[in-house]
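Contents: one structure, followed by commentary.
Each chain gets a letter, A, B and so on, in the order its sequence line appears, and its residues count up from 1.
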Amino acid sequence: MPELPDVEVYRRYLNATSLHQGIRDVEIRTDQILEGTSPLKIKAGLRNRSLESTDRHGKFLFVALDNQGWLVLHFGMTGDLKYYKNPIKEPEYTKFLIEYTNDYHLALVMPRKLGLVRLILDMQKFIKEKELGPDVYQDGFGYEMFKALLEGRRGMIKPTLMNQQIMAGIGNVYSDEILFQARVHPRLPVDQLQEERLRKIFKATKDVLETAIQKKADPEQFPASWIIPHRQKGGECPNCGGKVRNISVSGRSVYYCPDCQPT
DNA sequence: CCTATAGCCTGACGGC
DNA sequence: TGCCGTCAGGCTATAG
């Protein structure tokens, strides 16, 4: 579920396992996630180096190298990280693999080839290239900024929250949760939102992301009041007990409660 | 600026 | 059991 909370959990996992170790070798199992660069360049840039620290912007994870530049990871729809020792335990669907001099490994596990691995020098330049909006989870992301970003927009609230160029980090699943907590219909146009509802959406955004991270992005640990565990056909609304509805908005599958989330 | 659609990928799942 | 269609949390391009 690689949206902002998931990537933040991966970041902390990487911090806890994979820093300050010499990189002996790197394997790239598909060129399709390299965005124009080559396996040789990635290998040359990582061999005999070490990972020193991490950062994150939206759904992108940045890992600083000991000399200069960053390793960038994006997890697409199915990416995950696994740190392990025994080479026999290499996870199925490993697409990118770092082998450390201490014999441990860090694998980017990704059944579909929809992610990204790249080496860059300048993080801000990369963010600009990708035209990413401000990270939703950063300290400076307050209500005034949120409101300003939506100013003059006419689109539906759900795809607006998910638009990485407006603000970075929210995806399909967590936008459902945010709108459920705010009790706002996903198709409501942004310019029809009154101040009070806008504030509710902002607060829900902060609460949902914070809680999801705190719960390690594990749906089994999510509060009983959340809709995510009920995001399935025939699911029941945790608020009113009614049936959860599934519709399509901007080509994405949306789950919401028609009774609790009026237009 | 905004929406819908298709495509990129490939595994999981449900129905027959 | 096996085959087939559908769907899935990402992003991007294109047309209207």
Which donor-acceptor pairs under 3.5 Å do side chains of residues 26-33 of chain A form with protein atoms, sequence neighbours excluded?
residue	atom	partner	partner atom	Å
A:Glu27	OE1	A:Arg29	NE	3.1
A:Glu27	OE1	A:Arg29	NH2	2.8
A:Arg29	NH1	A:Glu90	OE2	2.6
A:Arg29	NH2	A:Glu90	OE1	3.3
A:Thr30	OG1	A:Gln32	N	3.1
A:Gln32	OE1	A:Lys113	NZ	3.1

Does anything in residues 33-62 of chain A form a ring pair (Phe, Tyr, Trp, His ring centres under 6.0 Å)? List the pairs, not counting sequence neighbours. A:Phe60-A:His74, A:Phe60-A:Phe126, A:Phe62-A:Phe126
Please list all pairs meeting side chain to side chain donor-acceptor pair (under 3.5 Å) that have one or both residues in residues 203-213 of chain A, counting only residues at least two apart or in different chains. A:Tyr137-A:Glu210, A:Lys203-A:Asp207
Given side chain to side chain donor-acceptor pair (under 3.5 Å), test A:Glu92 with A:Thr94 step by step and report yes or no. CA-CA 6 Å; A:Glu92 199 177 4; A:Thr94 293; over 6 Å; no
Rounded interatomic separation in angstrom, taking CD1 from A:Ile33 and C1' from C:dC11: 15 Å
Write down the distance separating the P atoms in C:dC3 and B:dC9, rounded off to the nearest Å. 25 Å
Using a 4.0 Å heavy-atom cut-off across all strands, classify A:Ser248 as base, sugar-phosphate, or nothing. nothing
Kindly list each side-chain donor-acceptor pair under 3.5 angstrom involving residues 175-186 of chain A, sequence neighbours excluded, with atom names and distances?
residue	atom	partner	partner atom	Å
A:Ser175	OG	A:Lys158	NZ	2.8
A:Ser175	OG	A:Gly171	O	2.8
A:Ser175	OG	A:Asn172	O	3.0
A:Asp176	OD1	A:Lys158	NZ	2.6
A:Asp176	OD2	A:Arg231	NE	2.9
A:Asp176	OD2	A:Arg231	NH2	3.1
A:Asp176	OD2	A:Tyr255	N	2.9
A:Glu177	OE1	A:Ile227	N	3.0
A:Glu177	OE1	A:Ile228	N	2.9
A:Glu177	OE2	A:Gln181	NE2	2.7
A:Glu177	OE2	A:Ile227	N	3.1
A:Gln181	NE2	A:Ser225	O	3.2
A:Arg183	NH1	A:Phe180	O	2.5
A:Arg183	NH2	A:Asn239	OD1	3.3
A:His185	ND1	A:Arg187	N	3.0
A:His185	NE2	A:Tyr256	OH	3.3

May I ask you to verify if any side-chain N or O of A:Arg252 is less than 4.0 angstrom from the OP1 or OP2 atom of C:dA8? no
Hits for side-chain contact (heavy atoms from CB on, under 4.5 Å) against A:Asn102, two or more places apart or cross-chain, chain-then-number order -> A:Gln21, A:Tyr83, A:Tyr100, A:Tyr104
Length of the NE2-C1' vector between A:His74 and C:dT12, whole Å: 12 Å
With a 4.5 Å cut-off on side-chain heavy atoms, are A:Leu106 and A:Tyr84 touching? no
For A:Lys243, side-chain contact (heavy atoms from CB on, under 4.5 Å) partners two or more places apart: A:Glu236
Return the value, rounded to whole Å, for the distance between atom CZ of A:Arg118 and atom C1' of C:dC11. 14 Å
Using whole Å, report how far CZ of A:Phe75 lies from P of B:dC8. 25 Å
In whole Å, what is the span from the CE atom of A:Met110 to the P atom of C:dC11? 13 Å
Close side-chain approach of A:Pro5 and A:Glu3, heavy atoms under 4.5 Å: yes
Dot-bracket notation for DNA chain C, counting Watson-Crick and G-U pairs under 3.5 Å, with | for partners on another strand: .|||||||.|||||||
Which part of the nucleic acid, if any, lies within contact of A:Arg231, taking any heavy atom under 4.0 Å across all strands shown: a base, the sugar-phosphate backbone alone, or nothing? sugar-phosphate
Provide, to the nearest angstrom, the distance between the CD atom belonging to A:Gln165 and the C1' atom belonging to C:dA13. 12 Å
Scan A:Gly171 against the nucleic acid and name what it touches under 4.0 Å (heavy atoms): base, sugar-phosphate only, or nothing. sugar-phosphate
Rounded to whole angstrom units, what separation is found between the NZ atom of A:Lys130 and the P atom of C:dC11? 10 Å
Taking only residues two or more places apart in sequence or in another chain, which ones pass side-chain contact (heavy atoms from CB on, under 4.5 Å) with A:Tyr93? A:Lys95, A:Val109, A:Pro111
By side-chain contact (heavy atoms from CB on, under 4.5 Å), A:Glu220 pairs with (sequence neighbours left out) A:Asp218
Which atoms of nucleotides 9-16 of chain B (N or O only) lie under 3.5 Å from a protein N or O atom, and what are those distances?
residue	atom	partner	partner atom	Å
B:dC9	OP1	A:Gln32	NE2	2.1
B:dC9	O5'	A:Gln32	NE2	3.0
B:dT10	OP1	A:Lys113	NZ	2.9

Starting from C1' on C:dG10, measure out to CD on A:Gln164 and report it in whole angstrom. 9 Å
Got a list of side-chain donor-acceptor pairs under 3.5 Å for residues 39-48 of chain A, not counting sequence neighbours?
residue	atom	partner	partner atom	Å
A:Arg47	NE	A:Asp25	OD1	3.1
A:Arg47	NH2	A:Asp25	OD1	3.1

So does A:Lys233 get a side-chain nitrogen or oxygen closer than 4.0 Å to the phosphate oxygens (OP1/OP2) of C:dC7? no
Show me the protein contacts with nucleotides 1-3 of chain B, counting only N or O atoms at under 3.5 Å.
residue	atom	partner	partner atom	Å
B:dC2	OP1	A:Arg154	N	2.6
B:dC2	OP2	A:Arg153	NH1	2.3
B:dT3	OP1	A:Met156	N	2.8

